[in-house]
Amino acid sequence: MANDPALSLDDFLKAAPVHKRLIGLDLGTKTIGLALSDLGRGIASPMETIRRKKFTLDAEQLLKICAAQDVGGIVLGLPLNMDGSEGPRAQATRAFVRNLAPKTDLPITYWDERLSTAAVTRTLLEADSSRAKRAEVVDKMAAAYILQGFLDRLGHMAAAGRFDEDRD
């Protein structure tokens, strides 16, 4: 999309330093779920949930976490409709990125997050989690689900020889 500072997958991979973690975001209207990759970019782990206040405060908290965790790139879930079209939530996500990008040098990309919250909720229900426990962890687990999908794609690309993981 025009004026969208998020990078394509290939450009993101060129811009994100290889030996740094990636952070995954599940952006909601009330919370932002965070997940962090390991240094090898193979495993995503749920990290925490930011309670949203105002954009500037949310961005400052997010970027402080990115600095503390030595993050090299941001993977943001893009909530597409089931038919692949974009609705109000996707537009809000793109607006968040347009506002965040001038505040950081970190590369940002999107990852299709369709059904991530539903998949995580189903898993939590199968684990017989209480409603309160589900509410407490669903956002950061959805962020991990999003980031893990992205990391799995990177793994498939590396296995296919699509890019060199040893680049700097």
Side-chain angles (χ1 to χ4, degrees), residues 4-80 89-121 123-124 129 132-155 165 167-168:
D4 191 336
L7 301 174
S8 69
L9 177 61
D10 288 335
D11 289 343
F12 178 83
L13 294 175
K14 291 174 190 166
V18 172
H19 303 293
K20 290 195 173 201
R21 300 173 191 275
L22 299 178
I23 195 165
L25 307 182
D26 178 42
L27 187 66
T29 56
K30 296 180 182 173
T31 60
I32 304 172
L34 306 179
L36 199 61
S37 77
D38 62 328
L39 288 171
R41 295 187 180 172
I43 299 171
S45 298
M47 187 180 174
E48 67 179 86
T49 301
I50 295 174
R51 299 274 169 226
R52 295 195 67 181
K53 296 175 180 97
K54 291 185 177 182
F55 172 79
T56 301
L57 296 173
D58 300 342
E60 286 172 0
Q61 187 175 359
L62 171 63
L63 295 175
K64 190 180 294 185
I65 291 166
C66 288
Q69 296 294 333
D70 199 27
V71 166
I74 299 171
V75 178
L76 192 71
L78 185 63
L80 299 173
R89 288 189 59 235
Q91 293 168 5
T93 299
R94 289 189 186 276
F96 182 88
V97 170
R98 280 193 304 276
N99 291 323
L100 180 64
K103 297 181 176 299
T104 182
D105 291 330
L106 290 172
I108 303 169
T109 194
Y110 298 118
W111 188 252
D112 182 350
E113 74 159 49
R114 280 180 277 190
L115 300 178
S116 60
T117 300
V120 167
T121 300
T123 300
L124 290 169
S129 289
K133 181 66 174 172
R134 287 193 310 270
E136 180 183 317
V137 301
V138 71
D139 297 312
K140 63 185 175 183
M141 287 186 67
Y145 186 91
I146 292 162
L147 183 57
Q148 189 63 56
F150 183 84
L151 297 175
D152 290 349
R153 174 69 187 266
L154 297 186
E165 290 188 89
R167 65 174 171 70
D168 286 319

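Residues take their numbers from the sequence shown, with the count starting at 1. Because only heavy atoms are used, hydrogens play no part in the values below, and waters and symmetry mates are left out as well, while side chains stay in. It should be emphasised that the depicted structure is a prediction, and the values quoted were computed from it without experimental measurement.
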Quiz item: With a 4.5 Å heavy-atom cut-off, do L151 and L154 have their side chains touching?
Solution: yes

Practice problem: Can you sort out the partners of T93 under side chain to side chain contact (heavy atoms under 4.5 Å, CB included), two or more places apart, ordered by chain and number? | Solution: L27, L76, L78, P79, Y110

Quiz prompt | Pairs meeting criterion ring pair (Phe, Tyr, Trp, His ring centres under 6.0 Å) with involvement of residues 31-58, two or more places apart | solution = F55-F96

Self-check item: Residue pair M141 / P46: nearest heavy atoms and the distance that separates them
Solution: CG-CG, 4.1 Å

Exercise. Provide the closest heavy-atom pair for A143 versus G33 in the form atom of the first, atom of the second, distance.
Key: CB-O, 3.3 Å

Quiz prompt | Separation of L147 CG from R41 CZ (nearest 0.5 Å) | solution = 9.5 Å

Practice problem: Could you list the residues that satisfy side chain to side chain donor-acceptor pair (under 3.5 Å) with D152, not counting sequence neighbours? | Solution: Q148

Exercise. Any chance you could measure L106, atom CG, to C66, atom SG, to the nearest 0.5 Å?
Key: 5.5 Å

Quiz item: What pairs with K53 under side chain to side chain contact (heavy atoms under 4.5 Å, CB included), at least two apart in sequence or on another chain?
Solution: L57, D58

Quiz item: Nearest heavy-atom pair of A144 and S45: which atoms, and what distance?
Solution: CB-C, 4.1 Å

Practice problem: To the nearest 0.5 angstrom, please state how far the OG1 atom of T56 sits from the NZ atom of K103. | Solution: 4.5 Å

Self-check item: Partner residues of D70 under the side chain to side chain donor-acceptor pair (under 3.5 Å) criterion, sequence neighbours left out
Solution: K20

Exercise. Find the distance between CD1 (I23) and CG (L62) and round it off to the nearest 0.5 Å.
Key: 5.5 Å

Exercise. Quick one: list whatever passes side chain to side chain contact (heavy atoms under 4.5 Å, CB included) with R21, sequence neighbours left out.
Key: L36, S37, L39, Q69

Quiz item: When rounded to the nearest 0.5 angstrom, what is the spacing between NZ in K54 and CD in E60?
Solution: 12.0 Å

Quiz item: Where is the tightest heavy-atom contact between R89 and E113, given as atom of each residue plus distance?
Solution: NH2-OE2, 3.5 Å

Self-check item: Matching residue for E48 among T31, L34, I32 - test: side chain to side chain contact (heavy atoms under 4.5 Å, CB included)
Solution: L34

Quiz item: Would you say R52's side chain and G28's backbone share a donor-acceptor pair under 3.5 angstrom?
Solution: yes

Practice problem: Search all heavy atoms of P102 against all heavy atoms of N99 and return the closest pair with its distance. | Solution: CD-O, 3.4 Å

Exercise. Could you tell me which residues satisfy side chain to side chain contact (heavy atoms under 4.5 Å, CB included) with S8, sequence neighbours excluded, listed by chain and number?
Key: D10, D11

Practice problem: State, with a plain yes or no, whether a side-chain heavy atom of L63 is found less than 4.5 Å away from one of L100. | Solution: yes

Quiz item: Between the side chains of D139 and T49, does any donor sit under 3.5 Å from an acceptor?
Solution: no

Quiz item: Of all heavy-atom pairs between L22 and G72, which one has the smallest distance, and what is that distance?
Solution: CD2-C, 4.4 Å

Quiz prompt | Those residues that, when tested against D38, pass salt bridge (charged side-chain N to carboxylate O under 4.0 Å, His left out) (two or more places apart) | solution = none

Quiz item: Could you state the interatomic distance from CH2 (W111) to CZ (F12), rounded to the nearest 0.5 Å?
Solution: 11.5 Å

